[in-house]
Structures are given as structure tokens and as C-alpha cells.
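Working notes, structure below.
Numbering of ligands and ligand atoms starts at 1, following listing order. Values below: all heavy atoms of this structure, side chains included; hydrogens, waters and symmetry mates excluded.
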Amino acid sequence: MPKKILVVAGDGIGPEVTAQAVRIANWFNEHQGCDFVIEEALIGGAAYDETGHPLPQETIDKAKASDAVLLGAVGGPKWESLDISVRPEKGLLGIRKELQLFANLRPAIVFDELADASTLKHEVVSGLDIMIVRELTGGIYFGQPRGVEELPDGSKKGFNTLVYTTEEIRRIGRVAFDLAKKRDGRVCSVDKANVLEATEFWREEMIALHQDEYSDLELSHMYVDNAAMQLVRNPKQFDVMVTTNMFGDILSDCAAMLTGSLGMLPSASLGHPGTPGLYEPVHGSAPDIAGKDIANPLATILSFSMMLRYSFDMQKQADTLEDAIRSVLAAGYRTRDIMQDGAQEVGCSQMGDMLIAALEGDVSAAA
Ligand code: NAD
């Protein structure tokens, strides 16, 4: 069965890094009997320049008709003075909304070869492999009522509302448990059940879901303040962490820094089973290095690897790709952002060359 991948490269380094992922997809087509059909569409500032809107209807239609979407990055100084309604970031928020992506998956994986890039001690992060699952479309970021009101005495009050329904909690819980099934079988649900009723309810629903559908897996609970502390104290204790929109926003950035490098961090956002997922590097469009062919494409290529796992259930190909990344790093090749003493610096497309050589079994052939 052909698998339709929509590539929305976006702005800045987006086109450079997605191009390397497309080369990998084509390699799988040519050498492993895969049938990836790649289409392209506009998003962000590039879309605004061409069509006057950061998320043209054509992109939405193509995304909905695809099996998965690979996104580069959006934004840059060129579009910063635009009205907020047509800024590049609106394209990103818009596509997430259109695809109803309610689960954000952010792995924090530390390749042994890069463990020294972390600000934490080598032994704390070396071999780290955890997954943070953040609820993406509910919670305090979307709850009503919200706003800023004037009080009778002329002062003001600002307010937001933290809301979660049974359905919202259970659907994100299922994503976390299903991931844990393919990993170490452990889910830690993070809340603030001692203070916030809505997250006390979150905990009750997680417990009920666990009992009803996943009692063969392990479920634990942690308050968010402790979770933040444990993430930097002993991150390897976790397998899958699942949490609310706001707590996930904060914890996933904290976990990201365990790896020490923005250029290595992939992400996936998933919606209902059978609908296309969106895969993108965590980093932005890096205007400071755009067009110089020096960006690290590995976050985008690791996002493609997540696509293979979570949208296409192609575990073997994802393992092959991640092994190739490991062997390129072990052979000492690094883009500038992850450069270390004694390593050899390569550019963005050269990193693609190295990976393809590694997929073909001989990294040194590309040197
Ligand atoms: P950024 O992630 O683009 O860059 C931060 C720093 O990291 C820069 O020094 C950059 O050169 C470096 N960097 C980022 N990705 C890299 C890579 N793959 N290889 C090597 N170095 C890399 O964040 P920023 O500078 O705060 O934002 C720049 C633009 O990107 C802004 O317009 C912002 O709104 C946008 N942005 C977009 C997204 C997205 O599309 N998902 C996310 C964050 C920021």
C-alpha cells in the first residue's frame, strides 16, 4: 500500500532539513521496497508570500488526504511585523487544529555519543530514552471562561479555567498506555491532584482507564513539582510520562534539555486513530543559519523515524534508520551544533550523505 507523506517545509532551515528526510524516504523506496509517495505544500511565511495566508486551504486539503505530514519549521524576521492573524505561527497552530491533534509525543533520547552535550552528568543521561505525552488541545490553554476583567474598584482580574472531561483524559491516557505497551510497559501520570480538583479528576480517570483496559501495564502518579525535580535528578526512572497541556509544555522542554541539543529533538502530534499524524523537529526555523547548509537535519530525520513507528507501524525500518544515525555519530561526524573535540564537522546535506552511506552499510564510503 502506498503511504502518502505530505512535506510542508516552511521557512528558514525548514526546506534544508526536510530535504534530507525526503532523501531517506526515497532511499527506503529504492532499497527496501517501501512505497512512500511524497507531496509538497506551503506553510508559514513561504505560504504567506505566495498566497497571502500562512495556511492555504490547499495545504489543509492535502494534509487531510495524506497518511502523515512532515513539517520543517515556520517563522522568521521577515514576517514578524505582519498582523498576528497571518503570521507564520498561525499556520502551525492551524494545521494542528485542522488535523485535531490532541496528543503531543516528545521523546528525550540521549545517544551515548552525545551524552557529554548535556548539562547533566554523563551517567545521569547516557542511554536515556523516555517519552513525554502531552495533552495538546484541552486544559487551561483552551478552557472557558478566560480573560481579563475590570473590577468594581477599578482594578482588574485575569483568569483562566482548567477543564478536562472524561473523554479528553481517557483518549490521551490510551495514547500513553499504547506507547508503553511497545516500550517498557510503565506509565507515570503527572498531575497536581493535591491542589487542583480538575487534576484530581484526571488521576481518578487514569486509574479507572488503567483498571478497565490496561491492567497488565504499570501505572504510577507523581505531582508535577516532584516530576520536574525527578526529571533532572534521575530521568532514567521514567518510561512514558503522560500529563496535561500546561504541565506537558513545561516538562517536555525540561526533558528536551536533558539531551543538550535542539538539533536532535523530534516530535509527533497524533489525533484519532486512522487520521494523519504530524511529525516535526522541536526546533524553529533558525534564521541565523538558514541557507548555509549547516543545520542539523537529525531532529527532522528522527521525526520521520517516529512517523515510521507511529503512523506506519514500520518498526524494522525505524530501527534501521536509528541504527544508521548511531553509526554516523559513532564514526565521529557532527553538524556544528553538536560538534565535539576530535569529531569531523559536516554540513546538512553531508549529514544526509553520511546517513545514506550508513544505511548502505559503510559510513566511511561517504567520507
Ligand atoms: P530556533 O529553534 O529557530 O533557533 C534557536 C537556536 O538554535 C538558533 O541559534 C539556531 O541556529 C539553533 N538551531 C535551531 N535548530 C537548529 C538545527 N536544526 N541545527 C543547528 N542549529 C539549530 O528558535 P528561535 O531562534 O527562537 O526562533 C526562530 C524562528 O523560528 C522564530 O520565527 C520562531 O517563531 C520560529 N519557531 C518556529 C517553531 C516551529 O516551527 N515549530 C518552533 C520554535 C520557533
Side-chain angles (χ1 to χ4, degrees), residues 6-21 24 41-49 54-55 59 63 69-97 99 101 104-106 111 114 117 119 134 136 248-250 252-253 256-257 259-269 277-306 325 328-329 333-340 343 345-352 354-355:
L6 182 71
V7 176
V8 279
D11 309 317
I13 61 169
E16 300 166 44
V17 292
T18 50
Q20 300 312 312
I24 303 289
L42 293 167
I43 197 164
Y48 175 81
D49 287 348
L55 184 64
T59 301
V69 179
L70 183 71
L71 186 129
V74 299
K78 184 177 173 195
W79 303 282
E80 266 164 17
S81 55
L82 288 178
D83 184 77
I84 195 156
S85 63
V86 288
R87 284 210 199 129
E89 292 72 15
K90 279 279 168 198
L92 192 59
L93 298 176
I95 197 164
R96 287 177 181 157
K97 188 163 168 238
L99 297 177
L101 305 169
N104 184 234
L105 277 52
R106 292 258 299 253
F111 291 94
L114 298 181
T119 49
R134 166 188 171 193
L136 203 58
D249 192 2
I250 299 163
S252 60
D253 268 23
M257 279 326 293
T259 71
S261 173
L262 207 48
M264 297 293 299
L265 292 168
S267 79
S269 300
L278 177 75
Y279 298 83
E280 56 180 319
V282 167
H283 61 72
S285 60
D288 51 333
I289 57 166
K292 297 184 181 160
D293 195 28
I294 57 171
N296 186 347
L298 293 178
T300 309
I301 290 169
L302 286 164
S303 303
F304 174 63
S305 178
M306 290 185 83
I325 294 174
V328 170
L329 295 173
Y333 296 106
R334 305 275 189 278
T335 44
R336 191 173 294 180
D337 58 309
I338 52 172
M339 192 56 194
Q340 290 167 311
E345 189 176 323
V346 293
C348 183
S349 47
Q350 265 177 309
M351 184 53 101
M354 294 297 161
L355 270 177

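Comparing heavy-atom distances from atom 15 (N) of ligand 1 across Met264, His283, Lys78, Arg87 singles out His283 as nearest. Scanning Leu298, Leu262, Asp288 for the heavy atom closest to atom 10 (C) of ligand 1 points to Asp288. The option from Pro297, Ala299, Gly284 that lies nearest to atom 2 (O) of ligand 1, judged by heavy atoms, is Gly284. Considering Ala286, Cys348, Gly12 only, the shortest heavy-atom separation from atom 4 (O) of ligand 1 involves Ala286.
The protein non-hydrogen atom at the shortest distance from atom 29 (C) of ligand 1 is Ser285 OG, 3.2 Å. Here the protein heavy atom with the shortest distance to atom 16 (C) of ligand 1 is Ile13 CD1, 3.9 Å. Given atom 21 (N) of ligand 1, the protein heavy atom at minimum distance is Ile289 CD1, 3.5 Å. Of the protein's non-hydrogen atoms, Glu89 OE2, 2.7 Å is the one closest to atom 34 (O) of ligand 1. Scanning the protein heavy atoms around atom 37 (C) of ligand 1, the nearest turns out to be Val74 O, 3.1 Å. Scanning all protein heavy atoms for the shortest distance to atom 19 (N) of ligand 1 gives Asn296 N, 2.9 Å. Summary of contacts: the protein heavy atom closest to atom 25 (O) of ligand 1 is Pro287 CD, 4.6 Å. Closest protein heavy atom to atom 32 (O) of ligand 1: Gly76 N, 3.0 Å.
Between the side chains of Asp49 and Trp79, at least one donor-acceptor pair of N or O atoms lies under 3.5 Å. Using a 3.5 Å distance cut-off with no hydrogens or angles, the side chains of Asp293 and Ser349 do pair a donor with an acceptor.
Looking only at side-chain heavy atoms (C-beta outward), Leu298 and Leu355 come within less than 4.5 Å of each other. Proximity of Pro297 to Glu16: side-chain heavy atoms (C-beta onward) are nowhere separated by under 4.5 Å. Between Pro266 and Val282, the closest side-chain pair of non-hydrogen atoms is not below 4.5 Å. Side-chain contact between Ile338 and Met264 is present, with heavy atoms from C-beta onward closer than 4.5 Å. Side-chain contact check for Val74 versus Ile43: some heavy-atom pair is nearer than 4.5 Å.
Electrostatic pairing of Glu345 and Arg334 does not count as a salt bridge here, judged by no charged N lying under 4.0 Å from a carboxylate O. By the 4.0 Å N-to-carboxylate-O rule, Asp253 lies close enough to Arg106 to be salt-bridged with it.
Summarising the geometry, atom NE2 belonging to His283 is positioned 9.0 Å from atom OG belonging to Ser261; distances are rounded to the nearest 0.5 Å.
For atom 41 (N) of ligand 1, the protein comes within 4.0 Å by at least one heavy atom.
Only side-chain heavy atoms of Leu92 come within less than 4.0 Å of ligand 1; its backbone N, CA, C and O stay farther off.
Near Gly75, with a cut-off below 4.0 Å to any heavy atom, the atoms of ligand 1 are 32 (O). For ligand 1, the atoms sitting less than 4.0 Å from at least one non-hydrogen atom of Glu280 are 41 (N), numbered in the order shown with element in parentheses. Atoms of ligand 1 lying under 4.0 Å from at least one heavy atom of Ala73, given by number and element, are 40 (O).
A distance-only check finds a donor-acceptor pair linking the side chain of Thr59 to the backbone of Leu42 [under 3.5 Å].
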